[in-house]
K.L.:
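Sharing a structure with you now.
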Amino acid sequence: DAKTTQPNSMESNEEEPVHLPCNHSTISGTDYIHWYRQLPSQGPEYVIHGLTSNVNNRMASLAIAEDRKSSTLILHRATLRDAAVYYCILRDGSNYQLIWGAGTKLIIKP
Amino acid sequence: TAGITQAPTSQILAAGRSMTLRCTQDMRHNAMYWYRQDLGLGLRLIHYSNTAGTTGKGEVPDGYSVSRANTDDFPLTLASAVPSQTSVYFCASSAAGGPYNEQFFGPGTRLTVL
């Protein structure tokens, strides 16, 4: 299974944009890129996913590199409630597993 | 809406005892999953079910069993608990098992095996 690499932690100031990087150099053509986040003491929460094109939703934007070997989750205006561990996950159609890494702990400073 | 409920919220279990973790969803989702999350790590898939009546093994299935008698319920059973099964257990569901379907997670069950 293709794996992802993320920084262990990142800090950002409140009300500023946040760019969370993810490397997935072994991604295959059928792998979808998913992002989930986990707030303290809660279950994970879906954020966004994409295949090739950049994606936007009410929570975030996902920018996917042209070669698909990396992607960036963009929180346009971070709030204290966005402090969480963010997981970048690849998922293909041949199995049902989400392979989770350790994620990036996002710290928001007021 | 309730979404996914899990019970119990937490449990302390003696090694060698059996236990069933309960999971119920009210979204009529076809696919359901059980994950475990050890301290400071990401989630690992234990078992999954694409639809009622079928189940499959995930990354770490040993020591666990599941059943899917109906759409809504997906219990996870530990037949003889061991300390290495101390973890937080999350149940999840998705409309279908495809790679583009988002998974919805329950609040988790914190299990300590002594």
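This is a predicted model, so every value here is computed, not measured.
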K.L.:
Where the side chain of A:Y36 meets the backbone of B:Q103, is there a donor-acceptor pair that is under 3.5 Å apart?
P.N.:
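At least one qualifying donor-acceptor pair exists.
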
K.L.:
Are A:L62 and A:I74 grouped together when hydrophobic residues (ILVMFWY) are joined by side-chain heavy atoms under 4.5 angstrom apart?
P.N.:
no

K.L.:
Between atom CG of B:L45 and atom CH2 of A:W100, what is the distance when rounded to the nearest 0.5 Å?
P.N.:
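Answer rounded to 0.5 Å: 10.5 Å.
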
K.L.:
Would one find more than 12 heavy atoms of other residues, nucleotides or ligands at under 6.0 Å from atom CG of A:N8?
P.N.:
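No.
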
K.L.:
Quick check: is B:V60 connected to B:L76 through a chain of hydrophobic side chains (ILVMFWY, heavy atoms under 4.5 Å apart)?
P.N.:
yes

K.L.:
Are more than 12 heavy atoms, taken from residues, nucleotides or ligands other than B:I12, located less than 6.0 Å from that residue's CD1 atom?
P.N.:
no

K.L.:
Answer with yes or no whether the hydrophobic clustering places B:F74 together with B:F104; edges join I, L, V, M, F, W, Y residues whose side-chain heavy atoms lie under 4.5 Å apart.
P.N.:
no

K.L.:
Tell me, yes or no, whether the heavy-atom count around A:L80 atom CG, taken from other residues, nucleotides or ligands under 6.0 Å, exceeds 12.
P.N.:
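Yes, CG of A:L80 has more than 12 neighbouring heavy atoms, counting only those of other groups under 6.0 Å.
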
K.L.:
Side chain, backbone, both or neither: which part of B:Q37 has a heavy atom under 4.5 Å from chain A?
P.N.:
side chain

K.L.:
Of the non-hydrogen atoms in B:F90 and A:Q42, which two are nearest, and what is the gap between them?
P.N.:
CZ-O, 3.8 Å

K.L.:
Can you pull out the residues in residues 43-54 of chain A with any heavy atom less than 4.5 Å from chain B?
P.N.:
A:G43, A:P44, A:Y46, A:H49

K.L.:
Are more than 12 heavy atoms from other residues, nucleotides or ligands located less than 6.0 Å from atom NZ of A:K109?
P.N.:
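Atom NZ in A:K109 is packed in, count exceeds 12.
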
K.L.:
B:Y89 and B:Y48: same hydrophobic cluster, using ILVMFWY side-chain contacts below 4.5 Å?
P.N.:
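Not linked; separate clusters.
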
K.L.:
So which part of B:L43 gets closer than 4.5 Å to some heavy atom of chain A, the side chain, the backbone, both or neither?
P.N.:
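Both backbone and side chain of B:L43 come within 4.5 Å of chain A.
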
K.L.:
Spell out, yes or no, whether B:F105 and B:W34 are grouped together once hydrophobic residues are joined by side-chain heavy atoms under 4.5 Å, including indirect joins.
P.N.:
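No: no chain of side-chain contacts under 4.5 Å links B:F105 to B:W34.
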
K.L.:
Considering only heavy atoms and a distance below 4.5 Å, find which of B:R110, B:R44, B:E59 pairs most often with chain A.
P.N.:
B:E59

